[in-house]
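Every heavy atom of this structure was used, including side-chain atoms; hydrogens, water molecules and symmetry mates were not. Since the model is a prediction, treat every value here as computed from it, not as a measurement. Below, chains carry the letters A, B, ... as their sequence lines are ordered, and counting in each starts from 1.
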Protein chains: 2
Amino acid sequence: MCVIISLTEENYLKAIYTLSHLFEESEVSTNQISDHLNNKAATVTDMLKRLAEKKLIHYIPYQGVKLTEKGRQTAIKVIRKHRLWEVFLVDKLQFKWDEVHEIAEQLEHINSDELIQRLDKFLGKPKFDPHGDPIPDANGLLNIVKALPLNQHKAKGNFTFVGVCEHSKTFLQHLTSIGLKIGDVIKVEEVNEFDNSFKVKINKNNSQFFSNKVASSILVEVKK
Amino acid sequence: MCVIISLTEENYLKAIYTLSHLFEESEVSTNQISDHLNNKAATVTDMLKRLAEKKLIHYIPYQGVKLTEKGRQTAIKVIRKHRLWEVFLVDKLQFKWDEVHEIAEQLEHINSDELIQRLDKFLGKPKFDPHGDPIPDANGLLNIVKALPLNQHKAKGNFTFVGVCEHSKTFLQHLTSIGLKIGDVIKVEEVNEFDNSFKVKINKNNSQFFSNKVASSILVEVKK
DNA sequence: GGTATAATTTAGACTAGTCTAAAAATTTGT
DNA sequence: ACAAATTTTTAGACTAGTCTAAATTATACC
């Protein structure tokens, strides 16, 4: 009953989960996984067979794969651990939000339910990680975040910055350098038609411009 | 210059360090290592060749091994991480001292100097772990603890309980059940010649007996 | 609808880490 | 000092996870 899942297998399951949720829920291809994990398609095929053997994915050769319920639970648990450790690193050890990903990639594989339960409590049962991503609860339930990238609103008005959909170090550092943090209020003053850039004010400071690239990478909610 | 050291290799280095310090510093045999790590002597021989290749140990076939300076630094760093994480688990997450070993065995392999430096600071730069073992500092320097097992004193008087030299879960639970914690004062009222058991008082409570097995597993300092 | 291109799988090979069985070296005991 | 016992190493094999190169299947375009 209790199949052992290796660190490598956990990373494949996480990759499949992540890729299948990029747009609406969908099947994931071998090449998508090999790109995401930086290894070769042949390697992925081997692993998919192993994961199917262990009933963690549904796999039909030449078609995509998707997670079984057991595979989804495993992936979600790894994501829960990753995000809780990120909160620990930022809230308790004062790491910056662009410094925590690599360390959390290691910590997410530490295996102890008791540890995670206690860490969760120690951190005050946080609902979101430092990048605004929702943290699955102990039962694997995930808040569906209905926030959209700023560039999809294309309207003037006040928005609350609730998360990012681009997690690269350089992008996060860019946001820090322009003084944007989660929870800040972004007032869109103009949307420029020709390049889809945005003229905005952050927390009533001086106006600045967001390129479409930036506007498409930050998640906002309409401010109540 | 920067050789990559795997998790498995780290565990071998730690084992060699630990075994070589059991009594006075000494060479370690293949069989000692295979017993300690629960694998076969042939497996150990293979690994010793690899570690010697990487200049982490001095190895001459059929004679023992000992760590090079590089090997010692690596082992000490793993031990530092293990003991810091144990402090975290007990002080911050309220684990009991008999529950932390297995989790720390995983956490000790997390690779990030920055993380360890910040964790150390967060914990208040502790000098000892929850079992009284000294925590090496960032430069790999270790407090030499001059404490001896209680049974080597064989004298009446007051002693301070500063650590254990037996780390099994059952032994730690036994100490908890008799109400003995690090820092407690043990008053030796009698030493029984025939079985080397000890009649003692803990913190001025009622008298009780320590078998020689218990007395040989607890480290004490003469109380000033 | 058939062929060119792209995606995927198969075949065979490699490394790290483990094993068993057998050979070699060392240590022990008289 | 030499035979017996013990320790250690060698030889050969296995698994997980990876690779390259070749074969196969799917897709896309005229």
Side-chain angles (χ1 to χ4, degrees), chain A residues 2-16 19-20 22-23 26-67 71 74-75 78 105-106 108-109 111, chain B residues 2-16 19-20 22-23 26-67 71 74-75 78 105-106 108-109 111:
Chain A
C2 186
V3 177
I4 288 165
I5 300 171
S6 73
L7 184 150
T8 312
E9 288 168 339
E10 283 189 348
N11 281 335
Y12 275 86
L13 294 174
K14 190 170 59 132
I16 295 166
L19 292 167
S20 72
L22 280 186
F23 305 104
S26 62
E27 303 235 313
V28 177
S29 75
T30 303
N31 268 1
Q32 277 181 291
I33 299 170
S34 78
D35 283 359
H36 189 82
L37 295 179
N38 282 307
N39 53 21
K40 300 297 152 137
T43 306
V44 174
T45 301
D46 283 352
M47 181 56 91
L48 295 183
K49 286 192 235 167
R50 245 174 290 154
L51 293 173
E53 193 69 39
K54 291 187 178 183
K55 311 263 185 233
L56 293 162
I57 60 173
H58 297 290
Y59 172 55
I60 304 167
Y62 295 102
Q63 326 218 152
V65 293
K66 60 183 191 190
L67 297 174
T74 307
V78 174
E105 287 282 296
Q106 297 182 60
E108 72 189 8
H109 300 291
N111 197 335
Chain B
C2 185
V3 177
I4 288 165
I5 299 172
S6 73
L7 184 150
T8 312
E9 288 168 341
E10 284 189 347
N11 282 334
Y12 275 85
L13 295 175
K14 192 171 57 133
I16 294 166
L19 291 169
S20 72
L22 279 187
F23 306 103
S26 61
E27 304 235 313
V28 177
S29 74
T30 303
N31 268 2
Q32 276 181 292
I33 300 170
S34 78
D35 283 358
H36 189 81
L37 295 178
N38 281 307
N39 53 21
K40 299 297 152 135
T43 306
V44 173
T45 300
D46 284 352
M47 181 56 90
L48 294 183
K49 285 192 236 168
R50 245 174 291 155
L51 294 174
E53 193 70 38
K54 292 189 178 181
K55 310 263 186 233
L56 295 163
I57 60 172
H58 298 290
Y59 171 56
I60 305 168
Y62 295 103
Q63 326 217 150
V65 292
K66 60 183 191 194
L67 297 175
T74 307
V78 174
E105 287 283 296
Q106 297 182 61
E108 72 189 7
H109 301 291
N111 197 334

Name the atoms and distances for all side-chain donor-acceptor pairs under 3.5 Å in residues 36-54 of chain B, with sequence neighbours left out.
from    : atom 1 : to      : atom 2 : distance (Å)
B/Asn39 : ND2    : B/Tyr12 : OH     : 3.0
B/Thr45 : OG1    : B/Ala41 : O      : 3.1
B/Lys54 : NZ     : B/Ile4  : O      : 2.8
B/Lys54 : NZ     : B/Glu9  : OE1    : 2.9
B/Lys54 : NZ     : B/Glu9  : OE2    : 2.9

Closest-nucleotide ordering on DNA chain D, the 5'-leading residue of A/Ser6 and B/Thr30: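 It is B/Thr30, whose closest nucleotide lies nearer the 5' terminus.
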
First of B/Asn31 and A/Ala41 reached from the 5' end of DNA chain D, by closest nucleotide: B/Asn31

Phosphate oxygens OP1/OP2 of [N]: is one of them under 4.0 Å from a side-chain N or O of [X]?
X       : N      : answer
B/Tyr62 : D/dT6  : no
A/Thr43 : D/dG17 : no
B/Tyr59 : D/dT9  : yes
A/Arg50 : D/dG17 : yes
B/Lys40 : C/dG17 : no

From A/Ile16 atom CD1 to A/Ile33 atom CD1, the distance as rounded to the nearest 0.5 Å: 4.0 Å

A/Ser29 side chain, from C-beta outward: closest of D/dC19, C/dT8, C/dT18: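 The listed nucleotide nearest to A/Ser29's side chain is C/dT8.
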
Residue A/Lys49, side-chain heavy atoms: nucleotide from C/dT18, D/dT9, C/dT10 that is nearest: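 Among C/dT18, D/dT9, C/dT10, the one nearest the side chain of A/Lys49 is C/dT10.
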
Check: B/Gln106 side chain, A/Asn111 main-chain N or O, donor-acceptor pair, under 3.5 Å: yes

Expressed in angstrom and rounded to an integer, what is the separation of B/Gln32 atom CD from D/dT6 atom C1'? 14 Å

With a non-hydrogen cut-off below 4.0 angstrom, is B/Thr45 in contact with a base, only sugar-phosphate, or nothing? base

